Amino acid sequence: MEPISATSASTITTVELADRLDALEAAPLREILAGHLQLGQSRILVDLSKVDFVDSAGLAALVKNMKDARSNGGDLRLVRPEHPDAIRVFELTRFDEVFTMYDSIEAGLTSW
Amino acid sequence: MSEPLRVDANFEAIRAAGPWLRSVLEPLGPERSDALAGSIELAVHEMATNSIDHGQSSVIDLHATLTDKSLAIVLTDDGDPFEGNDSPAQHPEEPQVRGYGLVIVEALTESVTYERQTAGNKWTMRFGIDSHT
């Protein structure tokens with residue numbers, strides 16, 4: 001998976017994704033996020049607003065790196081998916097209560 | 001009975017389940033089909049992912065039977081036997097990483113049943129299409 005873009009500003013790294021976050025994309029995403037953590041970038045904002053499908057493998061990639069970020073004193077937060085087929089897996093597993101979610105990148109960057 | 005779908009058991013090939021499901025649901029009309037397809041695709045996708053991840057299958061077959069009130073999806077594979085539900089307890093304060101597949105399938109279906117066959121597994125998922133929005 002190649003993220004649309006990954007930028008670091010004000011010590012928050014943003015990673016924008018699009019299309020599907022499923023079992024096929026989960027492994028490369030996990031590596032991308034782990035790479036940011038290895039560089040000491042432990043505050044990561046993942047933009048899911050353009051993602052239209054998430055399964056449990058995609059969710060697991062986010063959860064794994066959220067746990068690692070938190071154990072490093074940071075966090076992995078999300079821009080909420082707009083598509084119902086992308087938010088569904090978060091609601092079914094109640095991980096929508098675990099992740100801090102924002103309505104936009106701007107909201108995440110200003111509210112963190 | 002719609003045309004069945006056979007795919008190689010890998011994460012790229014199983015993406016064909018989405019378009020196939022939409023063709024299965026086509027008789028319901030575009031509005032109802034769109035409303036139903038996403039949640040049913042997630043359930044089928046999770047079951048297929050389990051088959052690939054845990055069953056080491058090489059091929060997956062999907063059959064669908066649509067009636068006025070329900071949709072039955074039968075997934076068969078040539079993989080190892082399913083060895084029980086290792087689903088995690090759902091405690092958001094202690095997030096687990098994997099093992100949510102069957103939890104998700106059970107939440108999205110009216111029923112899900114499992115049969116071990118001679119050389120593979122058979123899962124039957126029933127969706128009450130009246131109750132989906």
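Please read all numbers here as calculations on a predicted model, not as lab measurements. Each chain gets a letter, A, B and so on, in the order its sequence line appears, and its residues count up from 1.
- B/L102 and B/V74 end up in different hydrophobic clusters when Ile, Leu, Val, Met, Phe, Trp and Tyr side chains are linked at under 4.5 Å.
- B/V59 and B/L62 fall into different hydrophobic clusters, defined by Ile, Leu, Val, Met, Phe, Trp and Tyr side-chain heavy atoms under 4.5 Å apart, directly or through other members.
- Rounding to the nearest 0.5 Å places CG of A/L24 at 8.0 Å from CG of B/N10.
- B/S39 and A/D85 make their closest contact through N-OD1, 4.3 Å (heavy atoms, listed as atom of the first residue, atom of the second, distance).
- B/R6 CZ: 12 or fewer foreign heavy atoms inside a 6.0 Å radius.
- Clustering ILVMFWY residues whenever any of their side-chain heavy atoms sit less than 4.5 angstrom apart, transitively, puts B/L28 in the very cluster that holds B/L71.
- One hydrophobic cluster holds both B/F82 and B/I52 under the rule that ILVMFWY side chains link at heavy-atom gaps under 4.5 Å.
- Between B/E46 and A/R88, none of the side-chain N atoms (NZ, or NE/NH1/NH2) sits under 4.0 Å from a carboxylate O, so this pair counts as no salt bridge.
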Full working for side-chain contact (heavy atoms from CB on, under 4.5 Å) between B/H45 and A/D22: CA-CA 9 Å; B/H45 192 87; A/D22 59 12; 3.7 Å; yes

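- For the pair A/L92 and B/I104, the tightest heavy-atom approach, listed with the atom from each and the gap, is CD1-CG2, 3.9 Å.
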